[in-house]
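Order of the sequence lines fixes the chain letters, A, B, ..., with proteins taken first and strands second; residue numbering starts at 1 for each chain.
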Amino acid sequence: MRAKASKPRARSKPDLAKVHDRVLAWFEEHGRSFPWREHRDPYQTLVAEMMLQQTQTGRVAPAYGTFLAKFPDVRTLAHAPAMEVIQAWRGLGYNRRAVDLQRSAQAIEHEYGGVVPSDLKALRALPGVGDYSASAVACFAYDRQVPVVDVNVRRVLSRAARASDELSLDETRRVAAEWLAPGEAYRWNQALMDVGAMICRIDKPLCAQCPLKATCEYRARGLNKGPRPERRPKQSPFEGSSRQKRGGIIDHLRDTAGEGVSLSVLAKVIHPNGHKDLTWLVELLEGLEREGLVEMTPGARRGSARGIVRLPG
DNA sequence: TTCCTGGTTT
DNA sequence: AAACCAGGAA
């Protein structure tokens, strides 16, 4: 690590006790309610956080209840056919997370006696569990006093503590730990996420309603009035992409779960206009197979039109 | 840091 | 068509 040219200047520290009071009071009145906020069951928390990783709350809410009804505990999920888990994931996207979640359940079953670990390192080692999900489970299920940082929280802290530019990951971790409300991590973390989602939005933040407005650098400098600052480089089109085709393949296999589908049928489904070369399809399928989302007969792997593809049993 | 992922929004 | 969201992984 090297010294940055634009080191953040020294500034008077905000009165964190006041900030905590205001934010927690705001949360009491305006915080969102979700099914996964009505319990602290570690397994259910893990399921919720895996679903919430890249999927918005509105899409997660209905799937969440259905999923838990079918797989009520670690043991059930760990022993279920992968196919059923993938099917229960319908509508959530990022199908790989379904496989990751089940593999996590299997690891929990076999390595931790069926008890979701509360330790950050142990959680972090589960497949598909990164910093965010690990800290979310540790805090929300076990009341561990650790920061939970998603992009919303990062943005809130970046604006409140620095104003311009986003805090680096290391800086975010440091600030998040420093600002954590003592003994109130559970409510504090959820409050910051809600502030980020409801008030401190990327575009046109509602600063007038913000519980952090008194100490916010971003607002103090009037940057909230300016144009949208952040900008993301490139992004290939979704239409016709491998991402889209992967999703289409899994969607189709879900509907024909038991028997599986031949390569030629799959090719037509994914590319209705006809496509002689099956190589592109086999490459996609090999990727899906590596991720545990499909099974292929040897014929399919060779590119034979009659080769069969199915969801894993 | 950069890439990947699956959709939705603009 | 392009931008965007939001994590995990390499």
Side-chain angles (χ1 to χ4, degrees), chain A residues 1-2 4 36 45-63 86-104 107 120-140 147-158 165-173 176 189 192-194 196-198 200-205 227-254 270 283-294:
Chain A
M1 210 172 74
R2 63 183 177 79
K4 297 256 300 209
W36 47 91
T45 302
L46 177 64
V47 171
E49 296 305 335
M50 290 292 286
M51 289 183 170
L52 288 164
Q53 277 172 10
Q54 286 106 339
T55 305
Q56 286 132 335
T57 55
R59 292 167 68 83
V60 167
I86 295 168
Q87 285 180 318
W89 207 257
R90 187 191 301 266
L92 289 170
Y94 300 88
N95 297 302
R96 185 188 181 150
R97 292 180 299 160
V99 176
D100 286 340
L101 177 56
Q102 183 178 35
R103 287 179 178 168
S104 288
L120 280 180
K121 277 203 183 68
L123 286 165
R124 187 69 175 68
L126 297 171
V129 176
D131 286 336
Y132 166 77
S133 304
S135 52
V137 171
C139 180
F140 300 151
V148 178
V149 178
D150 66 4
V151 293
N152 291 306
V153 172
R154 184 179 181 182
R155 184 174 60 253
V156 172
L157 293 176
S158 295
D165 294 346
E166 191 152 65
L167 295 170
S168 70
L169 283 177
D170 278 347
E171 289 169 327
T172 305
R173 272 191 273 272
N189 286 320
L192 278 193
M193 291 197 286
D194 283 6
M198 301 165 68
C200 195
R201 309 180 304 198
I202 293 180
D203 209 13
K204 300 187 172 79
R228 192 179 176 123
E230 292 126 274
R231 189 118 290 230
R232 214 170 276 231
K234 54 180 159 190
Q235 168 93 16
S236 44
F238 179 68
E239 189 63 32
S241 66
S242 67
R243 316 204 305 280
Q244 188 192 36
K245 290 179 189 133
R246 283 168 52 102
I249 289 169
I250 300 301
D251 279 346
H252 188 75
L253 292 178
R254 267 199 276 252
I270 304 310
E283 280 172 13
L284 278 182
L285 288 169
E286 282 172 339
L288 290 167
E289 187 176 45
R290 276 192 294 276
E291 294 174 17
L293 280 163
V294 305

Does the side chain of A:Val149 reach to within under 4.5 Å of the side chain of A:Asp131, using non-hydrogen atoms?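 In short, these two side chains do not touch, never coming nearer than 4.5 Å.
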Under a 3.5 Å threshold, yes or no: a donor from one side chain and an acceptor from the other, between A:Arg97 and A:Thr55? yes
Do we see a donor-acceptor contact under 3.5 Å between the side chains of A:Gln244 and A:Ser241? no
Does anything in residues 94-103 of chain A reach DNA chain C, meaning a heavy atom under 4.0 Å, and if so which residues? A:Tyr94
Which comes earlier along DNA chain C counting from the 5' end, the contact point of A:Arg124 or that of A:Gln53, where each point is its nearest nucleotide? A:Gln53
Using the test salt bridge (Lys or Arg N to Asp or Glu O under 4.0 Å), find all partners of A:Arg243 that sit at least two apart in sequence or belong to another chain.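 By the salt bridge (Lys or Arg N to Asp or Glu O under 4.0 Å) rule, A:Arg243 matches no residue at all.
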What does the list of N/O pairs under 3.5 Å between the protein and nucleotides 8-10 of chain B look like, with a distance for each?
{"unit_1": "B:dT8", "atom_1": "OP1", "unit_2": "A:Arg59", "atom_2": "NH1", "d": "3.0"}

Along DNA chain B (nearest heavy atom to each residue), the more 5'-positioned of A:Leu169 and A:Leu293: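 Per heavy-atom nearest nucleotide, the more 5' residue is A:Leu169.
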Whole Å only: how far is the CD atom of A:Glu239 from the P atom of C:dA3? 16 Å
Quick one: A:Tyr132 OH to B:dT5 P, roughly how many Å, whole number?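 The distance from OH of A:Tyr132 to P of B:dT5 comes to 23 Å, rounded to the nearest Å.
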Look at all strands and tell whether A:Ser133 reaches a base, only sugar-phosphate, or nothing, counting heavy atoms closer than 4.0 Å. sugar-phosphate
Who are the side-chain contact (heavy atoms from CB on, under 4.5 Å) partners of A:Asp150, not counting sequence neighbours? A:Tyr132, A:Asn152, A:Val153, A:Met193
Between atom CG of A:Leu285 and atom CZ of A:Arg290, what is the distance when rounded to the nearest 0.5 Å? 11.0 Å
Between atom CG of A:Leu126 and atom CE of A:Met50, what is the distance when rounded to the nearest 0.5 Å?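 Here the rounded value is 8.5 Å.
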Taking only residues two or more places apart in sequence or in another chain, which ones pass ring pair (Phe, Tyr, Trp, His ring centres under 6.0 Å) with A:Trp89? A:Phe67
Does anything in residues 245-252 of chain A come within less than 4.0 Å of DNA chain B? Heavy atoms only, and list the residues if so.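 A:Arg246, A:Gly247 - these, ordered by number, are the residues of the stretch whose heavy atoms sit under 4.0 Å from the strand.
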Any Lys/Arg nitrogen of A:Glu291 or A:Arg246 sitting under 4.0 Å from an Asp/Glu carboxylate oxygen of the other?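 A salt bridge links A:Glu291 with A:Arg246.
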